[in-house]
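Basis for what follows: all heavy atoms, side chains included, without hydrogens, waters or symmetry-related copies.
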Amino acid sequence: MSFSGFVVQLLNGLAGASSLFLVAAGLSLIFGVTRIVNFAHGSFFMVGIYVAYSLVANLGGIIGFWPALLLAALAVGVLGALVEVLLLRRIYRAPELFQLLATFALGLVIKDGVLWFWGPEELLGPRAPGLTGSVAILGRQFPAYDLFLIVAGPVVLGLLWLLLTKTRWGTLVRAATQDREMVSALGVNQAWLFTAVFALGALLAGLGGALQLPREPANLDMDLHIIGAAFVVVVVGGMGSIPGAYVAALLIAELKAICIWLGLIEIWGVSISFSKLTLVVEFLVMAVVLVARPWGLFGRPQAPSRHAGTAEEPLRPPDRLYTWGGAALLALLALMPVLTAQSPYVTVLLIDLLVAVLFAASLHFIMGPAGMHSFGHAAYFGLGAYGAALLVRSLDLPMGMALVVAPALAAIGALIYGWFCVRLSGVYLAMLTLAFAQITWAICYQWDAFTGGSNGLTGVWPSEWLADKKMYYYLTLALVAGTVLLMHRMLYSPFGYGMRAARDSVLRSDAIGIDVKRIQWVAFVIAGTFAGLAGALYAFSKGSISPESLHVGKSIDGLVMVLLGGVQTLVGPIVGAVTFTWLHDTVARNTDYWRAMLGAIILILVLLFPQGIAGFAKQLLLRLRGAKEGQS
């Protein structure tokens, strides 16, 4: 560690902050006006660098390197406008989570579109003309192009400030950020305002990607790598705040740079690798900021949306059709191993479906009845899975005991994380759950001596009497069916009605004596416990566990399952889990472009059934009953 090294790392942090700010600024603009949590924003960044590569390769000799980069950004802006007009404009009045599901599906389609057009190989672009060399700073060489990026960030920030404060369009954007319905009531064409904002946000993401061309090769993983960091920057800075996004990008990038500079150091005889913290430092910052200041550094409390979706009907006991249908389904599931004896893979797939059902049902328990949105539910799934694996491998506990203790370990994690999370609401609560989940993932990913690190743990097999997949299937069926029925029974208890009351009106619930935070905290722990049971069943079914079970991708899968089935129906998570898992398995085995096909199917389902598959079926059944009663 030297002073010159420290200065160079700080400069590296400034360059990284500028790149991150360009993406985060576009994301913040889009959310501030449209209230869409745009999961496809990382895809625009990725498309920007790929389009820039092609334009520089084919037109660079004609129009020059820098115009080619600007043209790439404009192309991505046009793509963003098309996405807003053709897709998002149709679902603005849908619940915000369904808009999130649509952008997630769009990201899958774009990723495979890039794969089809440019191929799977990494594409390395040329150096920037005039900035190919380096500059000596305190005896160390620093890339000249990175100095350009350090300047580019504040320049874009200044241009955005001028656009938003000195133009009529900027005044409308700021007004829409505060109250978009009032802007529409005053006669402003809200549709075209949204289109322009979305196009500008996509253009900024595309510009951020294009400017990365001389620094790193274009690859298909760029979208996921950048979107997580961009979300963190937007939330830490304050949703909708452009200066906040820049300050947050600086804070996070510089902390990462300092961690790299510190490297491995000893404190009181204990070696601490600060460089490993770079995987999780942004999520640590986000957790601290949200706990201390729930709206971010420069943010304001969100105004409630006037398009939160259809109000949910009072919860009624299941009718005869529901009861007999559930019994018939259980009977069919019990017969499945016999009916599919010639196809052992079907039993394996059924086990995966049942585990997915339990995971989705546990997430729905807090998302639907409790109204708490979670982007980090995989943390408790992973804690249960790792808990079961470590109990069997390290303590030689029998599988039965592990299935009891592992969910308890997940419950402890939910108890700790939930205490902080229930103090927030909306997207800030969701992002805090994501922060805790990513912190848990980073610990499992890097603790080689205890969790196996990136390799995970193997040799996690069920007891001998469950070695036959059919027997393990019946155990899984019994536990999943019993747990789902228990959750449903809880919803009809006073506790369940208290959850729904706290979701529908915090003030009224508090006025009649309901301890809202305590009920939400208990619900959080219950959901985490059942997710831990799903993780333990998963670990024993696969014989191994890896950090991927805690990653954000697993949490997104659970979110998609719940939304696909329908948040406002009790059978929604079951329908969504079966549909998503079956589609994922079937499509992935039959085409190389399974993401595009899966994303397209999800988009179609979202457009046709904005209330979810089960929600649509429920509405259809109610209409048929109403028509029959009208005829009689």
In chain order, what residues pass the side chain to side chain donor-acceptor pair (under 3.5 Å) check against Thr440, with sequence neighbours excluded?
Tyr417
Main-chain N/O of Ser546 paired with Ser549 side-chain donor or acceptor, under 3.5 Å:
yes
Would you call Leu457 and Ser544 a side-chain contact if the rule is heavy atoms closer than 4.5 Å?
no
For the side-chain contact (heavy atoms from CB on, under 4.5 Å) test, which of Leu603, Leu563, Ile556, Asn38 pairs with Phe104?
Ile556
Shortest non-hydrogen contact between Gln520 and Ala370, atoms and distance:
NE2-O, 4.3 Å
What is the ring orientation for Phe436 with Phe420, classed by angle as parallel under 30°, tilted 30 to 60°, or perpendicular over 60°?
tilted
Salt-bridge criterion met for Lys517 and Asp510 (N-O under 4.0 Å):
no
Mind running side-chain hydrogen bond (donor to acceptor under 3.5 Å, both in side chains) on Tyr345 and Asp585 for me, showing each step along the way?
CA-CA 12 Å; Tyr345 176 72; Asp585 178 81; 2.3 Å; yes
Would you say the side chain of Trp441 lies within less than 4.5 Å of the side chain of Val552, judging by non-hydrogen atoms?
no
d(Arg503 CZ, Met372 CE) to nearest 0.5 Å is 11.5 Å
For the residue pair Leu87 and Leu607, establish whether any side-chain heavy-atom pair is separated by less than 4.5 Å.
yes
Check the pair Val232 / Val285 against side chain to side chain contact (heavy atoms under 4.5 Å, CB included), numbers first and verdict last.
CA-CA 9 Å; Val232 170; Val285 171; 5.9 Å; no
Counting C-beta onward and ignoring hydrogens, is there a side-chain heavy-atom pair between Leu383 and Leu409 closer than 4.5 Å?
no
Check the surroundings of atom CE in Met490: do more than 12 heavy atoms from other residues, nucleotides or ligands lie under 6.0 Å from it?
yes
Mind telling me whether Tyr380 and His377 have parallel, tilted or perpendicular rings, with 30° and 60° as the class edges?
perpendicular
Should Trp521 and Cys421 count as side-chain neighbours, where that means a heavy-atom distance under 4.5 Å?
no
To the closest 0.5 Å, what do you measure between CG (Leu559) and CZ (Phe580)?
10.5 Å
Please enumerate all residues that pass side chain to side chain donor-acceptor pair (under 3.5 Å) together with Thr586, with sequence neighbours excluded.
Trp582
Phe365 meets the ring pair (Phe, Tyr, Trp, His ring centres under 6.0 Å) criterion, sequence neighbours left out, with none
Quick check: closest heavy atoms across Ala523 and Met499, and the distance to 0.1 Å?
CB-SD, 3.3 Å
So if I apply the ring pair (Phe, Tyr, Trp, His ring centres under 6.0 Å) rule between Phe231 and each of Phe375, Tyr428, Phe283, Phe39, which one comes out positive?
Phe39
About how many Å separate CD1 of Ile366 and CZ of Phe530, when rounded to the nearest 0.5 Å?
12.5 Å
Heavy atoms, side chains only, cut-off 4.5 Å: are Asp352 and Lys542 in contact?
yes
Donor-acceptor contact present, side-chain Ser505 to main-chain Arg508, <3.5 Å:
yes
Taking all atoms of both residues into account, what is the closest heavy-atom pair of Val571 and Ala614, and its distance?
CG2-CB, 3.9 Å
Looking at every heavy atom in both Val516 and Ala502, which two are closest together, and how far apart are they?
CG1-CB, 3.7 Å
Quick check with a 6.0 Å cut-off and a 45 degree axis cone: is Lys554 positioned over the face of Phe359's six-membered ring?
yes
When you measure from the side chain of Ser394 to the backbone of Leu391, do you find a donor-acceptor pair of N or O atoms at a distance under 3.5 Å?
no
Do other residues, nucleotides or ligands put more than 12 heavy atoms under 6.0 Å from Arg90 CZ?
no
Cationic tip of Arg293 above Trp295 ring, under 6.0 Å, 45° of axis:
no
Taking the side chain as every heavy atom from C-beta outward, state whether Leu106 and Leu88 have any pair of such atoms under 4.5 Å apart.
no
Please evaluate residues Leu598 and Arg595 with respect to the criterion side chain to side chain contact (heavy atoms under 4.5 Å, CB included), reporting the C-alpha separation (whole Å), side-chain torsions for both, the decisive distance (0.1 Å), and the verdict.
CA-CA 5 Å; Leu598 181 63; Arg595 294 182 193 85; 5.8 Å; no
Could you tell me the separation between the CD1 atom of Ile519 and the CZ atom of Arg500, rounded to the nearest 0.5 Å?
13.0 Å
Main chain of Tyr538, side chain of Ser541: is a donor-acceptor contact present, judged purely on distance under 3.5 Å?
yes
Which atom pair, heavy atoms only, marks the closest approach of Ala40 to Gly107?
CB-N, 4.1 Å
Kindly compute the distance separating OG (Ser374) from CG (Leu429), expressed to the nearest 0.5 Å.
7.5 Å
Begin from the C-alpha positions of Tyr472 and Phe540 and carry the test ring-ring contact (aromatic ring centres under 6.0 Å, His included) through to its verdict.
CA-CA 9 Å; Tyr472 191 82; Phe540 284 116; 7.2 Å; no
Nearest heavy-atom pair of Pro547 and Cys444: which atoms, and what distance?
CG-O, 4.4 Å
First locate atom CG of Leu333, then atom OG1 of Thr476, and finally report the distance between them rounded to the nearest 0.5 Å.
12.0 Å
Any non-hydrogen side-chain atom of Val484 less than 4.5 Å from a side-chain atom of Ile574?
yes
